[in-house]
Number of protein chains: 2
Amino acid sequence: MAVDFQAIIANLSRHTEFNPAELAQFTSQLTWRQAARRDCLLRAGQPTRKIFYGLSGALRAFYVDKTGRESTIMFAVADWWVTDMYCFVNAQPAMLTIEAIEYSHYLELTKSSLEQLYLTVPKFERCFRILFQNAYTREQLRVIENLSLTAEERYLQFLKKYPQILPHVTQKQIASYLGITPEFLSLIRKNQRQKSIAQK
Amino acid sequence: MAVDFQAIIANLSRHTEFNPAELAQFTSQLTWRQAARRDCLLRAGQPTRKIFYGLSGALRAFYVDKTGRESTIMFAVADWWVTDMYCFVNAQPAMLTIEAIEYSHYLELTKSSLEQLYLTVPKFERCFRILFQNAYTREQLRVIENLSLTAEERYLQFLKKYPQILPHVTQKQIASYLGITPEFLSLIRKNQRQKSIAQK
DNA sequence: AGCATTAGTTAATCTACCTTAACTTTTTCT
DNA sequence: AGAAAAAGTTAAGGTAGATTAACTAATGCT
């Protein structure tokens, strides 16, 4: 089985230069997997030992509250890393569920492999420092938007920021990312349509 | 001026072991400063070249939207790092303002010093990788809470998670962190008081 | 291909939280 | 210490977004 690591290698190499031996050591730790629609990569309550990298299709990480309501934390299409990072880092049972939205390919890396890589190839520290830095600033922007924008503005931001995600997700899933009901998103879209007609 | 670097050294050493030379190199890049109440460490629109580390007192990072409403992004009491990280990392004019809530001491580190440190002492990559990892997971938890909890539940979480911040901040500032009005927080607190009386 | 499930729409009613405003209490600054 | 500013409280009225429900359209599954 010749797995194509080009995408993940290109992703890492955006931040740090690795030599072939280092890359080989990295890729030797990856497991290539596929998931059918609705397959779970991680289930709330289970140990969080792996981090995932999307190759094709789309994954969704979500939280289910005590009343059963889902909040989508992130979508991961090709070239996105995803896991329940809090529980991964702190070795706790997952709070999030990660599910394939559609038939997907992805790579899997265990926590112990990653920790090994940090120690044997310190450049991975730099690489992941930058990944975490980006992840942090992205979440911080989301907090700002959640605090300061209306649902409609958040929806428009989402369309603008994540056009590559749109073809993979339903409105219901977008609504649960924005923190609103699908019914209300439907209303927002109706209003948008009327505004765009009025423009003409 | 003999500045006390014990606190920041202890903070770094939680994640990585440094030798005295490395620590000296680090501390040589720090500037010790004090700020009076309402002094700005960073002003929206200005270059974001510095990261701050609280020693005493309390700092507040907030966003002001187009209507003039403030959203508090974070508080930084002793031993917290703070800056407008998105703009710091991407070398953009600040979106956030960082202000001293009360008379405070803090340390300042420039972006270029930090980048120099990453290159000359790679252990700092590890150290900041862990700091960013923690910052990311903290923000992600906040996103989950903002999406899935009511204002009252968020308030109770805040009290529980950040008891060390409470003595430094007003209710108005807490409200702007939670994304509600001070009037509504006042109502929540009134309801809480009545519940705690009913308990007896 | 066709049935069952799920997604999306629309509308009426409801509620968590906002706005405004008038007031009291606390804090800050000189 | 005392005036001025800011923080906090209370209450009436308003609005963004939730809930429920009934329906239509699209999609997935055998």
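Proteins get letters first, then strands, A, B, ... in listed order; numbering begins at 1 in each.
Taking 4.0 angstrom as the limit, T181(B) places a side-chain polar atom (N or O) nearer than this to OP1 or OP2 of dC18(C).
Distance alone, capped at 3.5 Å, is enough to place a donor-acceptor pair between the R154(B) side chain and the L149(B) backbone. Although no hydrogens or angles enter the test, the distance criterion places no donor-acceptor pair under 3.5 Å between the side chain of R126(B) and the main chain of Y118(A).
A ring-centre distance under 6.0 Å is found for Y177(B) and F158(B). In summary, the aromatic rings of F26(A) and F18(A) are positioned with their centroids too far apart to meet the 6.0 Å limit.
For the pair Y155(A) OH and dG17(D) P, the interatomic distance rounds to 15 Å; values are reported in whole Å. Atom CD in E152(A) sits about 11 Å away from atom C1' in dA16(D), given to the nearest Å. One atom, CG of N146(B), and another, P of dA16(C), lie 18 Å apart when rounded to the nearest Å. Atom P of nucleotide dT9(D) and atom CD of Q194(B) are separated by 13 Å, given to the nearest angstrom. Straight-line distance from the CG atom of L178(A) to the P atom of dA18(D): 10 Å, rounded to whole Å. Atom CZ in R154(A) sits roughly 10 Å away from atom C1' in dG17(D) (whole-Å rounding). I180(B) has its CD1 atom 16 Å from the P atom of dG17(D), to the nearest Å. Rounded to whole Å, atom P of dT10(D) lies 10 Å from atom CG of N191(B).
Other residues, nucleotides and ligands contribute only 12 or fewer heavy atoms inside 6.0 Å of the CZ atom of R49(A). Counted within 6.0 Å of NZ on K172(B), heavy atoms from surrounding residues, nucleotides or ligands total 12 or fewer; the atom is thus considered open.
Here the closest heavy-atom approach between residue T83(B) and residue K50(B) is recorded as OG1-O, 2.8 Å. Looking at every heavy atom in both residues, K111(B) comes nearest to A91(B) through CE-CB, 4.5 Å.
By the 30° and 60° cut-offs, the orientation of the rings of H105(B) relative to Y103(B) is perpendicular. The aromatic rings of Y106(B) and F52(B) lie perpendicular to each other, with more than 60° between the two planes, well past the 30° mark.
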Within the sub-3.5 Å range, which N or O atoms of nucleotides 1-5 of chain C have a protein N or O partner, and how far apart are they?
none

All N/O pairs under 3.5 Å across the protein-nucleotides 6-14 of chain C interface:
from: dA7(C); atom 1: OP2; to: K172(A); atom 2: NZ; distance (Å): 2.9
from: dG8(C); atom 1: OP1; to: Q171(A); atom 2: N; distance (Å): 2.9
from: dG8(C); atom 1: OP2; to: Q171(A); atom 2: N; distance (Å): 3.1
from: dG8(C); atom 1: OP2; to: K172(A); atom 2: N; distance (Å): 2.8
from: dT9(C); atom 1: OP2; to: Q171(A); atom 2: NE2; distance (Å): 2.8
from: dT9(C); atom 1: OP2; to: S186(A); atom 2: OG; distance (Å): 2.8
from: dT9(C); atom 1: O5'; to: S186(A); atom 2: OG; distance (Å): 3.2
from: dA11(C); atom 1: OP2; to: K190(A); atom 2: NZ; distance (Å): 3.3

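A salt bridge links E153(A) with K66(B): at least one charged nitrogen is closer than 4.0 Å to a carboxylate oxygen.
Summary of helix geometry: the two end axes of the helix from dA1(C)-dT30(D) to dT30(C)-dA1(D), each defined by five base pairs via their C1' atoms, are inclined to each other by 70° (rounded to 10°).
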